[in-house]
Chemist: 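Once you've had a glance at the structure underneath, I'll fire off some questions.
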Amino acid sequence: MQVETRAIIASEALLRWNNENLGPVSPEQFIPVAERTDLIIPIGNWVLEEAIKQNKKWYDITNKKIVVAVNLSPIQFKRSDLPQIIKELLEKYQMPAELLEIEITEGILVENMEGTSLQLEKIKALGVKVAIDDFGTGYSSLKYLQNFNFDKLKIDREFIKDYPQHDTGSIAKTILNLAAQMDINVIAEGVETQEQFLFLKENHCQQIQGYYFHKPLSAKDFEMLLTEKITDRVD
């Protein structure tokens with residue numbers, strides 16, 4: 001959500017597995033297994049294709065430029081030609097590249113900075129946006145922000161979830177000030193309360209994501225949300 005206008009400006013593709021024998025299986029369980037077995041490559045390609053296909057459908061229905069964000073695994077960077085895969089999918093579904101955002105973690109940069117940098121440059125050359133996810137929780141380095149031309153920085157929910165009862169918000173404020181100095185857009189994850197929303201608004205955070213406005217939705221329910229009149233909250 002855009003903080004000032006409260007308009008929906010983007011979505012994030014979340015991978016869920018409901019198995020008829022196992023029931024709901026958390027990504028925290030199946031993603032590590034998929035990465036160890038390289039199944040993350042076909043899974044990741046499928047997620048990219050589904051997200052692009054679905055977002056193009058929403059764009060055609062609403063004529064609204066809603067961005068879809070997709071998380072990428074380090075394995076995908078190491079063992080597949082991501083720029084070419086993304087290019088082919090964008091062409092296949094005729095979706096504007098600016099409506100796709102890929103999210104990477106700092107760990108990806110640490111593991112393979114040179115190779116990742118080259119792929120990111122090619123991806124950005126397509127017109128795709130690149131965001132750094134979970135900023136501040138891993139191998140945070142100002143060098144990454146300086147060397148990589150990120151479009152967006154995501155503040156991890158860890159720095160939001162306990163405000164104001166058990167957290168002053170000082171780290172979130174610091175990240176927001178840093179991003180402002182470097183002219184990088186910021187989105188705060190895990191926003192669940194009015195206090196958290198107002199704190200971020202007062203500190204000039206441009207975008208928020210979290211249960212305060214909406215919980216995760218199916219593609220069908222999200223489509224309904226995009227096409228119906230959204231009633232603003234009164235704070």
Chemist: Any heavy-atom pair between the side chains of Leu89 and Leu100 that's under 4.5 Å?
Modeler: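 No; the side chains remain at least 4.5 Å from each other.
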Chemist: So, taking the atom named CZ in Arg6 and the one named CD1 in Ile208, what distance separates them when rounded to the nearest 0.5 Å?
Modeler: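 The CD1 atom of Ile208 is 8.0 Å from CZ of Arg6, to the nearest 0.5 Å.
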Chemist: Ignoring hydrogens, what is the shortest heavy-atom contact between Ile9 and Gln2? Give both atom names and the distance.
Modeler: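 Nearest heavy atoms, Ile9 then Gln2: CD1-OE1, 3.2 Å.
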Chemist: Measuring from atom CG of Leu82 to atom NZ of Lys87, what distance do you get when rounded to the nearest 0.5 angstrom?
Modeler: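 One finds 14.5 Å between CG of Leu82 and NZ of Lys87.
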Chemist: Show the nearest heavy-atom pair for residues Ile85 and Ser80, with the distance to one decimal.
Modeler: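 Scanning both residues, the minimum pair turns out to be CD1-CB, 4.0 Å.
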Chemist: For Lys92, check salt bridge (Lys or Arg N to Asp or Glu O under 4.0 Å) against everything at least two apart and list the hits.
Modeler: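 Salt bridge (Lys or Arg N to Asp or Glu O under 4.0 Å) check on Lys92 returns Glu49.
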Chemist: Can you tell me if Asp134 uses its side chain to pair, donor with acceptor, with the backbone of Asp156 under 3.5 Å?
Modeler: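 Looks like no, no N/O pair under 3.5 Å.
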Chemist: Does Ala51 offer a backbone N or O that forms a donor-acceptor pair with the side chain of Gln54 under 3.5 Å?
Modeler: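 Judged by distance alone, no pair lies under 3.5 Å.
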Chemist: Does some side-chain heavy atom of Leu178 sit less than 4.5 Å from a side-chain heavy atom of Leu153?
Modeler: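 In short, these two side chains do not touch, never coming nearer than 4.5 Å.
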Chemist: Within the structure provided, determine whether Tyr59 and Val68 are in side-chain contact (heavy-atom separation under 4.5 Å).
Modeler: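 With C-beta onward as the side chain, the pair stays apart.
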Chemist: Hey, what do you get for OG1 (Thr168) to CG (Asp162), rounding to the nearest 0.5 Å?
Modeler: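 The CG atom of Asp162 is 11.0 Å from OG1 of Thr168, to the nearest 0.5 Å.
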Chemist: Of Gln209, His214, Gln207, which is the lone residue that meets side-chain contact (heavy atoms from CB on, under 4.5 Å) with Met1?
Modeler: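 For Met1, the side-chain contact (heavy atoms from CB on, under 4.5 Å) test succeeds with only one of Gln209, His214, Gln207, which is His214.
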Chemist: What heavy-atom pair brings Pro32 and Gln29 nearest, and what distance separates the two atoms?
Modeler: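 In this case the closest contact between Pro32 and Gln29 is CD-O, 3.7 Å.
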Chemist: Look up atom CG in Asp133 and atom CD in Glu101, then write down how far apart they are to the nearest 0.5 Å.
Modeler: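 Spacing of CG (Asp133) from CD (Glu101) equals 9.5 Å.
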Chemist: Give every residue pair that meets the ring-ring contact (aromatic ring centres under 6.0 Å, His included) criterion with at least one member in residues 14-45, sequence neighbours excluded.
Modeler: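 As it turns out, the ring-ring contact (aromatic ring centres under 6.0 Å, His included) pairs with a partner in residues 14-45, which skip direct neighbours, are Trp17-Phe30.
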Chemist: Considering only residues two or more places apart or on different chains, which pairs with a residue in residues 20-43 satisfy salt bridge (Lys or Arg N to Asp or Glu O under 4.0 Å)?
Modeler: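 Sorted pair list: Asp38-Arg79.
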Chemist: Taking the side chain as C-beta and beyond, is there a heavy-atom pair between Cys205 and Leu176 under 4.5 Å?
Modeler: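 The answer is yes; the side chains approach within 4.5 Å.
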Chemist: Check step by step if side chain to side chain contact (heavy atoms under 4.5 Å, CB included) holds for Asp221 and Leu225.
Modeler: CA-CA 6 Å; Asp221 288 340; Leu225 186 66; over 6 Å; no
Chemist: In terms of hydrophobic clustering (I, L, V, M, F, W, Y; side-chain heavy atoms under 4.5 Å; direct or indirect links), are Leu14 and Val33 co-clustered?
Modeler: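 Not linked; separate clusters.
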Chemist: Is any side-chain heavy atom of Ile61 closer than 4.5 Å to a side-chain heavy atom of Leu226?
Modeler: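 The answer is no, as the side chains (C-beta and beyond) never meet within the 4.5 Å cut-off.
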Chemist: Considering non-hydrogen atoms only, spot the tightest contact between Asp81 and Gln119 and give its length.
Modeler: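 Where Asp81 meets Gln119 most closely, the heavy atoms are C-OE1, 4.3 Å.
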Chemist: Let me see the working for Glu121 and Asn149 under side chain to side chain donor-acceptor pair (under 3.5 Å), right down to the final yes or no.
Modeler: CA-CA 9 Å; Glu121 287 176 9; Asn149 186 23; over 6 Å; no
Chemist: Hey, could you give me the CD1/CD1 distance between Ile132 and Ile155, rounded to the nearest 0.5 Å?
Modeler: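 Ile132 CD1 to Ile155 CD1: 12.5 Å, rounded to 0.5 Å.
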Chemist: Kindly list each side-chain donor-acceptor pair under 3.5 angstrom involving residues 179-189, sequence neighbours excluded, with atom names and distances?
Modeler:
unit_1 : atom_1 : unit_2 : atom_2 : d
Glu189 : OE2    : Lys154 : NZ     : 3.3

Chemist: Verify the cluster assignment for Leu39 and Leu72: are they in a single hydrophobic cluster under the rule of side-chain heavy atoms below 4.5 Å apart?
Modeler: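 Yes.
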Chemist: Which pairs, with at least one residue in residues 79-106 and sequence neighbours excluded, count as a ring-ring contact (aromatic ring centres under 6.0 Å, His included)?
Modeler: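 Those involving residues 79-106 do not exist here.
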Chemist: Looking at side-chain heavy atoms only, is the closest gap between Phe213 and Val191 below 4.5 Å?
Modeler: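 In short, these two side chains do not touch, never coming nearer than 4.5 Å.
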Chemist: Is there a donor-acceptor pair under 3.5 Å between the side chain of Asn55 and the backbone N or O of Ile66?
Modeler: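 It does hold such a pair.
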Chemist: Could you tell me the separation between the NZ atom of Lys129 and the NZ atom of Lys152, rounded to the nearest 0.5 Å?
Modeler: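 These two atoms lie 8.0 Å from each other.
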Chemist: Do NZ/NE/NH1/NH2 and the carboxylate oxygens of Lys53 and Glu50 come within less than 4.0 Å?
Modeler: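 Between Glu50 and Lys53 there is a salt bridge, with a charged N closer than 4.0 Å to a carboxylate O.
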Chemist: Between Ile52 and Met95, what is the shortest heavy-atom contact and its length?
Modeler: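 The answer is O-SD, 3.6 Å.
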Chemist: Are any of the side-chain heavy atoms of Asn71 and Leu15 separated by less than 4.5 Å?
Modeler: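 SC-SC contact between Asn71 and Leu15 ruled out.
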Chemist: Taking all heavy atoms of Trp58 and all of Ser11, pick out the closest pair and write down the distance.
Modeler: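 Minimum heavy-atom contact is CZ3-OG, 4.2 Å.
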Chemist: Step by step, work out the side chain to side chain contact (heavy atoms under 4.5 Å, CB included) result for Val3 and Phe197.
Modeler: CA-CA 8 Å; Val3 170; Phe197 172 77; 4.2 Å; yes
Chemist: What pairs of residues pass the ring-ring contact (aromatic ring centres under 6.0 Å, His included) test when at least one of them lies in residues 155-177, not counting sequence neighbours?
Modeler: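 Passing the test, one end in residues 155-177: Tyr163-Phe199.
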Chemist: Walk me through it: do Gln94 and Lys56 pass the test side chain to side chain contact (heavy atoms under 4.5 Å, CB included)?
Modeler: CA-CA 7 Å; Gln94 294 296 296; Lys56 178 56 164 62; 4.1 Å; yes
Chemist: Step by step, work out the side chain to side chain contact (heavy atoms under 4.5 Å, CB included) result for Glu4 and Gln206.
Modeler: CA-CA 7 Å; Glu4 289 300 326; Gln206 299 100 333; over 6 Å; no
